[in-house]
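What follows is a short report on a single structure.
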Amino acid sequence: MTVRADPRDRLIVALDLPSVAEAEALIDRIGDAATFYKIGYRLGYAGGLALAERLAARGLKVFLDLKLHDIGNTVEEGVRSASGLGATFLTVHAYPQTMRAAVRGRGAGLKILAVTVLTSYDDADAAEAGYGLPVAELVAKRAAQAAEIGVDGLVCSAAEAASVRRIVGPDRLIVTPGIRPAGAEAGDQKRVMTPGDARKVGIDHVVVGRPITGAADPRAVAQAIVAELA
Ligand SMILES: O=c1ccn([C@@H]2O[C@H](COP(=O)(O)O)[C@@H](O)[C@H]2O)c(=O)[nH]1
């Protein structure tokens with residue numbers, strides 16, 4: 001018998017909210033329309049790590065988007081500490097030294113995702129930051145390094161997903177922020193795609209924040225996105 005993947009697991013809702021109370025209220029409103037939540041800096045520095053443990057204990061999946069980047073020893077020990085929180089994913093920046101350290105510190109059950117080039121960057125932003133490659137080439141270079149080092153997955157924009165898939169093969173995860181339902185405001189995201197188009201280029205998960213957190217009916221928006229991802 002073939003077991004079909006639950007399309008709700010393809011949507012990761014970014015809980016970019018100022019307090020745990022507001023995050024819990026949003027999760028209640030979304031109900032069973034979502035199964036996977038992301039906690040980043042904003043909520044993480046406001047009690048979000050304890051919330052991560054509680055969500056994981058309830059059977060929800062948690063993505064800790066801490067984007068670690070430091071000397072190797074600090075990254076390795078930080079990843080080791082985070083491994084106890086029950087999260088499914090943890091991000092680090094895709095620098096080789098950082099990725100190697102994260103792989104050394106990774107515990108069972110925690111997958112390391114390497115952030116290639118932030119989805120708020122275009123070629124001009126990469127040049128301003130001192131990189132001598134256009135974004136697509138920098139993503140490809142970092143994806144190849146990540147696969148060689150053995151991280152579990154990549155964060156990139158859906159625009160690069162097909163080329164990243166060719167580089168990293170079928171077994172590594174591709175997780176794409178910068179996702180906007182048709183007509184939604186891009187905000188500061190520069191490399192964007194709709195959920196339906198992202199699904200067609202072979203992503204494993206999409207990350208969506210403001211289109212859901214700012215919606216009058218977040219459950220309905222989450223359900224519409226999941227329908228596009230099915
Ligand atoms: O390259 C990246 C890496 C991480 N993010 C995070 O995803 C969400 C996107 O939120 P939206 O409100 O849907 O824009 C946010 O938490 C970012 O920190 C990213 O956007 N791009």
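All heavy atoms count here, side chains included; hydrogens, waters and symmetry mates do not. These figures come from a predicted structure and were not determined experimentally. Just so you know, ligand 1 is whichever comes first in the structure, and atom 1 is the first atom listed for that ligand. Residue numbers start at 1 and run along the sequence shown.
For ligand 1, the atoms closer than 4.0 angstrom to any heavy atom of L118 are 1 (O), 2 (C), 3 (C). Ligand 1 places these atoms under 4.0 Å from at least one heavy atom of R210: 11 (P), 12 (O), 13 (O), 14 (O). Listed by atom number, the atoms of ligand 1 under 4.0 Å from R180 heavy atoms are 11 (P), 12 (O), 13 (O), 14 (O). Against a heavy-atom cut-off of under 4.0 Å, P177 is close to the following atoms of ligand 1: 2 (C), 3 (C), 4 (C), 5 (N), 7 (O), 19 (C), 20 (O), 21 (N). Using a 4.0 Å cut-off to heavy atoms of K67, the atoms of ligand 1 that qualify are 3 (C), 4 (C), 18 (O). Counting the atoms of ligand 1 from 1 in the order shown, those under 4.0 Å from a heavy atom of V207 are 7 (O), 8 (C).
T119 OG1, 2.7 Å is the protein heavy atom nearest to atom 21 (N) of ligand 1. In terms of protein heavy atoms, atom 9 (C) of ligand 1 is closest to Q189 NE2, 3.6 Å.
A cation-pi arrangement is absent between R106 and F89 under the rule of less than 6.0 angstrom and at most 45 degrees off the ring axis. Both tests do not hold together for R10 against F36: distance to the six-membered ring centre under 6.0 Å, angle to the ring axis within 45°.
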Please lay out, stage by stage, how E22 and S19 fare under the test side-chain hydrogen bond (donor to acceptor under 3.5 Å, both in side chains). CA-CA 5 Å; E22 284 162 88; S19 70; 2.8 Å; yes

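When only interatomic distances are considered, the shortest N/O to N/O separation between D16 and ligand 1 falls below 3.5 Å. Close N/O approach between G209 and ligand 1 is found [any backbone or side-chain N/O within under 3.5 Å].
Counting only N and O atoms by type, the side chains of H93 and T98 include no donor and acceptor under 3.5 Å apart. Side-chain atoms of S163 and E160 form no donor-acceptor pair, as typed in the model, at a separation below 3.5 Å. There is no side-chain donor-acceptor pair under 3.5 Å between S120 and D188.
Screening T116, I174, I203, T176 for a side chain to side chain contact (heavy atoms under 4.5 Å, CB included) with V164, the sole residue that qualifies is I174.
When heavy-atom distances to ligand 1 are checked against a 4.0 Å cut-off, D65 comes that close only through its side chain, counted from C-beta outward.
Counting heavy atoms from C-beta on, the side chains of Q145 and E148 never come closer than 4.5 Å.
Taking a 4.0 Å cut-off on heavy atoms, K38 registers as neighbouring ligand 1.
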